[in-house]
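Working notes for the structure below.
First listed ligand is number 1; within each ligand, the first listed atom is number 1.
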Amino acid sequence: MSPPVATTKDIALQQCIMPGCGATYDVGEVRTSCDACGSLLDITYQWNKVAVPKTLSEFEAKWTRRNDPLCRSGVWRFHELLPFATPDKVVTIGEGQTPLMPSDGVASFVGMKPGQLFLEYEGMNPSGSFKDNGMTAAFTHAHTIGAKRAACASTGNTSASLALYCCVSKLMQAVIFIGSGKISYGKLSQALDYGALTIQITGDFDDAMQRVREVSSRMGIYLVNSVNPFRLEGQKTIMLRVLESLNWEVPDWIVVPGGNLGNSSAFAKAFHELKELGLIDRIPRLAIINAKGADTLFELYENRGLRWNAGVPNSEVVDNYYAELDAAHRRADTIASAIEINRPVNLFKCIRGLECMDGVVREVTDQQILDAKAQVGASGLGCEPASAASVAGAKLLREEGVIDAGERVVCILTGHQLKDPTATVAYHTSDQKEFDRVLGSRGVSRAAFANRAVQVENDLDAIVRAIQLNS
Ligand code: F0G
């Protein structure tokens, strides 16, 4: 395979996603929206000027050079498919070494045939979530343009990831915005440990997101939330690794939790590009799973008929819905704090992706999320609540008959189990008061798959008896 590009200006562009506008901007500019019409931006490429391999299996050759950080990274070993930066500017910390694991335990819970359900375990990333895939890409762009500070609003994983890249590379200072009380301790502890300037505001993620956009623009701080189109270029590679693990065979379904809708948008872009390049012959279907307490996409797509419409979306339904949310003072509310978001910034990219991947959207309750999470844990991987929405959603789609038991399904486990121990311990507790305190208010009433600790007095015989009784 030829070496990656030496310069990118004539290869990559930033481009408005709206076909009716299509305005383009240089990749050297910092922007998160189109000047002409205010829409989101894509990174687009002149593929005829890029040394794209003829088959996806050619990427496997990079494994033989895995002491080169750019071949080792699970993002940058696909550099030819995200050629917006020159190799000397790439900032990598070994992200993307994530396995795709078949799980017959979870398959049986979901109602799939053995061997048909796979878990893409993004919790294995350096900061413990899929965010590192996108952060290495946005951070690389930030470094390319010489940024010295980078900011994000976060429910905890984006901020942990940004804080880590700043801390390891020493290239920038991290400024993170979080809603107070809206972040799990696992994630907050990462940002604090890694030395991020942590701004805790009264309000939730949607408030923090609005503020960080204002502050970044006023102070010229580089914004790394997924409105940044470079983030999504990195997140495309999650799908490349899924394909690689399946011997480059396209699965039938990709099931992913939906929050700010960056992943789903990135996945659709990846498959669209691979198909255009002739590297795959078909595109899998996409299922995006909202938590019921943060179900903007579900409501708009499944109930109110929002569609991309080949680039002419009926966007008035979005304005009306947001006006209703405001009038009712409704805020997002779910145990899956990572996806506790009512105003997803990538909404329009996402509905474009749903059109491209013949997608569906579902919502699941906190009860369904926690039961699915316990099953993922019992099968040996473990994930945080938001991630388990994918498994709960796959189960729902099986029950509805939308997914067939014999199809090949990949659920994305977006974040590590240790990100949110409070939810896990509360689910398994034998202390009813603690259960009610943490989960009762969320409508969770039972823990069908709880593994309760056995309470025993500090006495040798009693301990022996307890072990005999329980094993
Ligand atoms: N799962 C986890 C574990 C997340 O942290 C997030 C988003 C999502 C799913 C949703 O992904 O936004 O691409 O639809 N977390 C963001 C954050 C919002 O700030 O860490 P999405």
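Counting only heavy atoms from C-beta outward, the side chains of Asn157 and Glu384 approach each other to under 4.5 Å.
Close approach of ligand 1 to Gly262 (heavy-atom distance below 4.0 Å) involves ligand atoms 12 (O), 13 (O), 14 (O), 21 (P). Atoms of ligand 1 lying under 4.0 Å from any heavy atom of Asn157, numbered from 1 in the order shown and given with element: 2 (C), 3 (C), 4 (C), 5 (O), 20 (O). Taking a cut-off of under 4.0 Å to the non-hydrogen atoms of Ser154, the atoms of ligand 1 that pass are 17 (C), 19 (O), 20 (O). Close approach to Asn263 involves these atoms of ligand 1, each under 4.0 Å from a residue heavy atom: 13 (O).
Taking only non-hydrogen atoms, the option from Gln235, Lys131, Glu122 nearest to atom 7 (C) of ligand 1 is Lys131. With distances taken over non-hydrogen atoms, the option nearest atom 2 (C) of ligand 1 out of Ile412, Thr414, Asp420 is Thr414. Here the shortest heavy-atom distance to atom 14 (O) of ligand 1, taken over Leu413, Leu261, Leu162, Asn346, belongs to Leu261. With Thr158, Asn260, Val256 as candidates, the residue nearest to atom 12 (O) of ligand 1 on a non-hydrogen basis is Asn260.
Using modelled atom types and a 3.5 Å distance limit, the side chains of Glu233 and Tyr45 yield a donor-acceptor pair. There is a side-chain donor-acceptor pair under 3.5 Å between Glu122 and Asn125.
By the 30° and 60° cut-offs, the orientation of the rings of Trp248 relative to Phe78 is perpendicular.
Of all protein heavy atoms, the one lying nearest to atom 4 (C) of ligand 1 is Ala338 CB, 3.4 Å. Looking only at heavy atoms of the protein, atom 11 (O) of ligand 1 is closest to Phe130 CZ, 3.6 Å.
The residues Arg352 and Glu355 are annotated as not salt-bridged, no charged nitrogen and carboxylate oxygen being separated by less than 4.0 angstrom. Salt bridge Arg218/Glu214: absent, no basic N to carboxylate O contact under 4.0 Å.
When heavy-atom distances to ligand 1 are checked against a 4.0 Å cut-off, Ile341 comes that close only through its side chain, counted from C-beta outward. Contact annotation: for Ile339 versus ligand 1, heavy atoms closer than 4.0 Å belong to the side chain alone. Neither the backbone nor the side chain of Lys419 comes within 4.0 Å of ligand 1, counting heavy atoms alone.
Note: Phe449 and Phe109 meet the aromatic proximity criterion, with ring centroids under 6.0 Å apart.
When only interatomic distances are considered, the shortest N/O to N/O separation between Thr155 and ligand 1 falls below 3.5 Å. An N or O contact shorter than 3.5 Å is missing between Ala386 and ligand 1 by distance.
Tyr301 carries Arg307 over the face of its six-membered ring, with the cationic atom under 6.0 Å from the centre and within 45° of the normal. A cation-pi arrangement is not found for Arg149 relative to Tyr222, the charged atom failing to lie both closer than 6.0 Å to the ring centre and inside a 45° cone about the ring normal.
Heavy-atom separations between Gly258 and ligand 1 include at least one value shorter than 4.0 Å.
Paired with Asp204 under the rule salt bridge (Lys or Arg N to Asp or Glu O under 4.0 Å), one option of Lys182, Arg331, Arg343 passes, and it is Arg331.
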